[in-house]
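To keep things clear, I will list the structure first and then write my remarks on it.
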Amino acid sequence: MSEPWLAPDHLLRAGVPVEEGVGADFVATRLAGPLAAALPGHEVRVDLTLAGTFDGAHWRAWSGHLLGLFERPLWGVPPTDRLAYLRFGCFEREEGGHVAETLLLLDLPSLMRQAVCWPLAEPPGPDPLAPAPRTADGDAAASLARVEAMIAGLMRYDGRSLASMGMREHWVPQFNWFGPAAIGSFRGHTDYERGHQGPFLRAFPDRVGGNHRARIAEGALVASTGWPSIRATHGGDGWLGLAATGRAVTMRVMDFWAVEDGLITDNWVMIDVPDLLAQLGVDLFGALNGSGTNG
């Protein structure tokens, strides 16, 4: 197979279970083929897109959903024969007019929930069809500065109080946090701290960010990813209903933010939850057929 927009040595780095491979044939057999078989004739709806330069490389970032009838199994997730949506986040590094590298995350736990086969605890938040930004217009430098100041605040967590991070300085009071389906989505500080930030920091109290592949801004939009971008120890109980394992883990994460009038209004978040769970001893796809482990 040959795709003219892909470089001959194109590298795809996708989440579990696709993982990593080189060349258009890998994309076709491990990603595009299974998606086309499971969701024949599906549409790709792009909700947001932006481009920029990071460390001398040109990147394009985009996020959205695949929409189609879920007619055949996809990596072990049983079909529903109904309309399904599969959220994605994607970063592409371009060289010489071709895509040289693609980083891709699919929210497969959302598809499991739509197929009523999610094997872990009920998420603390709902899994809505996340909307597009209200606007993409804005000052890129100011948008990036606000997001980077917010991220610096996250790193000031004192291990005791969520207020130590100063998040209310950076977000509008009723912001939207659209997380992966295993966690859910939340609105405003109280809901977000209850549903995600508190449980996450109790489970991973020593988390450290870094190893970012790209952080770019265009207008009101900012996007960042790392592969991985977080390192932590699973030191606390409760996250996704799991007991602490004491294991060191890494997390593949993609964030997309919208900034309006100097404050963050929305955050679309992708996490490779199946990869993280595998590091904690949970084979999410094996659990679909009863062979998953937790040890």
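- Closest of all the heavy-atom pairs between Arg113 and Trp118 is CG-CB, 3.6 Å.
- Put simply, the side chain of Ser143 gets close to the backbone of Gly219: a donor and an acceptor are under 3.5 Å apart.
- Under the 4.5 Å side-chain heavy-atom criterion for ILVMFWY residues, no single connected hydrophobic cluster contains both Met254 and Tyr85.
- In terms of modelled atom types and a separation under 3.5 Å, the side chain of Asp272 and the main chain of Val16 share a donor-acceptor contact.
- Using a 4.5 Å cut-off on side-chain heavy atoms (C-beta onward), Met167 and Leu162 make no contact.
- The line from CD of Glu101 to CD of Glu92 is 10.5 Å long, rounded to the nearest 0.5 Å.
- Taking both residues in full, the closest heavy atoms of Phe91 and Ala214 are given as CD2-CB, 4.0 Å, listed atom of the first, atom of the second, then distance.
- Atom CD of Glu19 is separated from atom CZ of Arg13 by 10.5 Å, given to the nearest 0.5 angstrom.
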For residues 124-131, dump all side-chain donor-acceptor pairs below 3.5 Å to protein atoms at least two apart in sequence or in another chain.
{"residue": "Asp127", "atom": "OD2", "partner": "Ser110", "partner atom": "OG", "Å": "2.7"}

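- Cluster membership check: Val222 does not share its hydrophobic cluster with Phe178, using side-chain heavy-atom separations under 4.5 Å among Ile, Leu, Val, Met, Phe, Trp and Tyr.
- Between Trp177 and Tyr192, the ring center distance clears the sub-6.0 Å criterion.
- The backbone N or O of Phe88 lies less than 3.5 Å from a partner atom in the side chain of Ser63, making a donor-acceptor pair.
- Residues Leu288 and Cys117 come closest through the heavy atom pair CD2-O, 3.3 Å.
- Shortest non-hydrogen contact noted between Ser229 and Val253 is OG-CB, 3.3 Å.
- Salt-bridge formation is not detected for the pair Glu20/Arg30: no Lys NZ or Arg NE/NH1/NH2 atom is positioned less than 4.0 Å from an Asp or Glu carboxylate oxygen.
- Formation of a donor-acceptor pair under 3.5 Å by the Asn267 side chain with backbone atoms of Trp257 is not found in this model.
- Note that the CG atom of Leu221 and the OG1 atom of Thr49 stand 9.0 Å from one another [nearest 0.5 Å].
- Tracing side-chain contacts under 4.5 Å through hydrophobic residues (I, L, V, M, F, W, Y), one reaches Leu120 starting from Val77; they form part of the same cluster.
- When side chains are defined from C-beta on, Asp266 does not count as touching Pro133, because their heavy atoms never get closer than 4.5 Å.
- If you take CG on Asn176 and OG1 on Thr265, they are separated by 7.5 Å, rounding to the nearest 0.5 Å.
- The line from CD1 of Ile183 to CG of Leu240 is 6.0 Å long, rounded to the nearest 0.5 Å.
- Sorted by first and then second residue, the side-chain hydrogen bond (donor to acceptor under 3.5 Å, both in side chains) pairs with a member in residues 196-205 form an empty list; sequence neighbours excluded.
- Residues Phe204 and His234 have side chains in contact (heavy-atom distance under 4.5 Å, counting atoms from C-beta outward).
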